Amino acid sequence: MGDYLTPSELPQPKLTRTNTGFTPNQIIALDTSIPESSKKIWKKHTHLKPFDVKEKRFKDEETKKNTPLNDNEKFEEEFIKHVEITLARNMYNCDNLGAYQAASNTIRDELLIDWANTQQKQTIHDGKRVYYLSLEFLMGRAMDNALINLKSREHTKSALRELGFNLEDVLDQEPDAALGNGGLGRLAACFVDSLSSKNYSGWGYGLNYQYGIFQQKIIDGYQVEQPDYWLEYTNPWEINRSEIQIPVDFFGYVYESYDTNTGRPKKIWNGGERVLAVPADYPIPGFNTENTNNLRLWNAKPTNEFDFNKFNAGDYQQSVASQQKAESITSVLYPNDNFMHGKELRLKQQYFWVAASLHDIVRRFKKNHKDNWKKFPDQVAIQLNDTHPTLAIVELQRIFVDLEELPWDDAWSIVTRVFAYTNHTVMTEALEKWPVELVSRLLPRHLEIIYDINFFFLKAVESKFPKDRDLLRRVSIIEEENGKSVRMAYLAIIGSHKVNGVAELHSELIKTTIFKDFVAFFGDDKFMNVTNGITPRRWLKQANPELAKLISEKLNDPNYSYLTNLGKLKELEQFVDDDEFLIKWDIIKFNNKVKLATLIKHLTGITIDPTVLFDIQVKRIHEYKRQQLNIFAVIYRYLHIKELLAKGVSVEEIKLKYYISKCSIFGGKAAPGYYMAKTIIHLINVVADVVNNDEEIGNLLKVVFIPDYNVSKAEIIIPASDLSNHISTAGTEASGTSNMKFALNGGLIIGTVDGANVEITREIGQENIFLFGNLAESVEELRHKNVYNGVNIPDSLKKVFNAIESGRFGNPDEFHTLIESIRDHGDHYLVTDDFDLFLDTHIKLENIYGHHGGDAKDKDHLHKWVKKSVLSVANMGFFSSDRCVDEYAENIWDVEPLNP
């Protein structure tokens with residue numbers, strides 16, 4: 001056979017399919033590595049050419065008619081069609097990435113049928129629609145979520161196995177959609193899932209970022225930011241709508257003209273720069289329903305992509321300058337706004353997004369209702385997720401007054417009945433502001449409208465409170481101090497009919513602190529609470545399938561209907577004294593810890609013992625979330641262990657009398673310009689380096705920082721948690737939703753009396769959560785004491801600071817600013833006041849966890865810790881995002897589900 005080898009002569013190592021070409025020998029080797037059963041399936045479903053003879057096509061169709069395809073065969077046929085036609089590949093060069101793309105296209109095709117039917121049904125019904133405006137939608141991976149909501153995971157897994165692929169390997173090919181960064185975007189993702197699952201007519205509107213905020217690398221212990229180009233390969237879930245192009249203007253000037261018909265003056269804005277907004281749609285399937293809503297994300301495109309004259313003149317760079325300038329608007333999530341150029345780009349993003357969305361909404365309304373604007377509030381509800389979309393209020397007023405020529409008061413009456421605003425912070429310094437100079441230059445007509453809105457509002461305030469001149473300064477949209485700026489939160493409040501906080505404590509605090517003047521003017525009715533929630537489809541069924549299955553079995557619910565009626569979890573309480581059930585529960589937790597230990601080994605090289613307590617804090621790195629408090633406590637624990645060992649106390653004695661074995665796990669990104677947060681990350685990593693390489697302490701203590709925390713990593717981390725930290729300074733965290741995710745997955749919480757921890761405690765019982773720390777009402781008094789009387793550092797924390805400053809954990813100069821901010825500058829986040837309370841609470845909870853060493857049959861551990869875990873899950877029904885959406889629908893949007 002010349003250069004060719006016979007199959008028996010082929011090399012033994014197994015070849016895998018790749019997307020590249022092969023040598024003749026490799027083709028033969030690969031052919032023998034693919035099972036005959038898989039080859040038969042490929043041959044059976046291989047796609048017929050469009051011009052194959054009619055007899056062959058008819059015969060094939062007749063065969064299908066006589067013997068209908070089962071679910072596996074339907075999937076296999078469509079999958080192979082996408083491999084051969086969409087991807088232009090075949091059985092031999094379809095690797096796992098190709099299999100993911102073909103499978104995603106197959107699943108998406110099924111979704112698109114439901115999507116089209118849903119849109120048609122909603123259009124015919126012509127009811128009120130909800131439009132959710134969020135600058136972030138942290139969706140995570142789409143394929144597994146779609147399989148769960150379509151209830152087609154098992155037959156897809158089986159079909160892929162028959163085709164020679166493993167579902168888990170295929171799912172791992174999907175990158176996390178980098179369309180968000182933190183809790184704000186994850187909440188928006190949960191809400192669009194619930195809108196679909198609860199059969200509401202609702203669309204999300206956002207931006208289709210080409211790059212995420214950044215990909216986090218840890219190099220020598222430091223956070224290093226790299227581009228997160230999540231769209232390296234095609235995105236099968238995106239349907240480009242290039243036929244829709246909405247022009248969006250910036251800069252330019254405003255002049256006054258007169259309407260020849262009415263004689264009234266009218267303002268005309270001539271923009272100096274124009275870009276096109278072109279949408280990409282993402283179908284959002286519901287669970288246990290065919291209702292499939294839409295997430296519309298905007299791409300920025302130039303009006304003139306290529307300047308041929310400049311190209312011919314040799315100016316190659318400038319010939320594509322307009323294209324690059326336009327596309328930069330949707331290039332990166334949150335450009336660094338430490339500089340004016342970054343501020344301008346970020347404000348451009350916000351206006352581009354809301355202008356395109358508003359014109360899309362108005363266009364859809366006018367199709368059915370022409371210019372019957374009085375009906376607009378009956379057809380449209382727009383929710384502003386934080387202050388980022390606040391310019392939508394101004395843009396809609398501009399559309400009504402300048403373009404549709406409505407009288408100002410009529411237009412404003414419509415606008416204020418359409419919008420509602422969700423606030424996500426109690427910290428004044430976190431409320432968004434824009435320099436007047438920047439708004440004037442970028443959006444001259446909008447600044448005029450903002451001034452007019454402010455003028456009419458302040459007149460009304462003055463009329464109600466004629467003697468309180470300082471009140472006008474306090475509630476003005478325009479802040480005069482330190483250069484004029486536009487206070488976006490104030491504009492959002494004035495332009496909305498409802499303002500809501502996202503947890504009971506948070507909603508009460510905004511009424512009594514940052515927005516109390518607005519409560520005095522508008523009254524209490526305008527301000528309300530809607531406590532956040534999470535979707536149990538992703539955060540239980542997808543993230544923790546073993547636990548979800550055990551729950552469905554115990555509730556005798558094979559269809560998992562409890563996932564849309566989470567209150568049914570309450571029935572689990574009847575099994576808390578069933579040892580067999582508790583053992584199964586604990587084994588599932590252990591299996592999840594093994595998965596996380598495997599991930600940690602892969603990402604960091606650190607080996608973790610899954611029998612130890614997993615103590616986890618994963619979230620955005622920020623001083624108010626107090627990762628520094630946690631790592632200081634880890635340092636104290638390490639120092640104390642070393643002292644005990646030096647005194648001759650053995651490791652085994654330490655485990656029995658002082659500390660159980662545990663691994664402290666951190667994760668999260670720091671904003672690129674946030675020096676203190678990046679310093680905290682560096683400290684965690686240098687402590688990990690010292691602790692993990694100290695052979696004397698064995699597995700008594702390990703420290704891990706998981707790089708590039710995202711949704712898909714969270715789906716592995718959260719189910720593995722024994723204990724999770726939600727330890728923000730009281731009165732600083734609006735709600736938090738990671739606390740809900742951890743509790744729903746059976747992880748117990750150590751936390752402060754802050755955000756949604758308050759309501760979680762009420763639901764699951766004070767005995768099933770570990771609370772510590774000063775209360776929100778004491779915070780200002782303590783801060784005042786620290787500033788004017790000096791910070792009182794407890795001896796335990798002094799030991800930690802001394803160890804850091806001695807160089808025990810690397811160069812002490814690198815952590816000087818962090819320690820100084822606490823010791824010498826007032827300790828704004830009350831680390832010193834809560835430190836000993838945090839240590840004491842750990843001792844109490846570790847006594848409850850016990851020394852069971854991973855033994856699932858340890859009765860003491862089962863009856864104390866695991867029982868609390870079950871009770872925690874059983875009482876988490878309130879925290880479903882379905883309940884949230886129902887509350888918004890009833891109390892804010894005034895919409896009802898459009899049931900099948």
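We're numbering straight along the sequence, starting at 1. This structure is a prediction, so every number in the text was calculated from the model and none was measured.
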* Considering residues at least two apart in sequence or located in another chain, which fulfil the side chain to side chain contact (heavy atoms under 4.5 Å, CB included) criterion with Lys589? -> Asp586, Lys593, Asp722

* Those residues that, when tested against Ile822, pass side chain to side chain contact (heavy atoms under 4.5 Å, CB included) (two or more places apart) -> Phe632, Phe801, Asp827, Val831, Thr832

Tell me every residue that passes salt bridge (charged side-chain N to carboxylate O under 4.0 Å, His left out) with [X], counting only those two or more places apart in sequence or in another chain.
{"X": "Glu623", "value": "none"}
{"X": "Glu763", "value": "none"}
{"X": "Asp708", "value": "Lys669"}
{"X": "Asp193", "value": "Arg537"}

* Mind checking side-chain hydrogen bond (donor to acceptor under 3.5 Å, both in side chains) for Ser712 and listing every partner two or more places apart, or none if nothing turns up? => Asp176, Asn710

Pairs involving [range], ordered by first then second residue, that meet salt bridge (charged side-chain N to carboxylate O under 4.0 Å, His left out) (sequence neighbours left out):
{"range": "residues 810-824", "value": "Glu805-Arg823"}
{"range": "residues 181-190", "value": "none"}
{"range": "residues 723-750", "value": "Lys625-Glu733"}
{"range": "residues 211-228", "value": "Glu225-Lys678"}

* Asked: Which residue pairs satisfy the side-chain hydrogen bond (donor to acceptor under 3.5 Å, both in side chains) criterion with at least one member in residues 788-801, sequence neighbours excluded?
  -> Ser796-Asp836

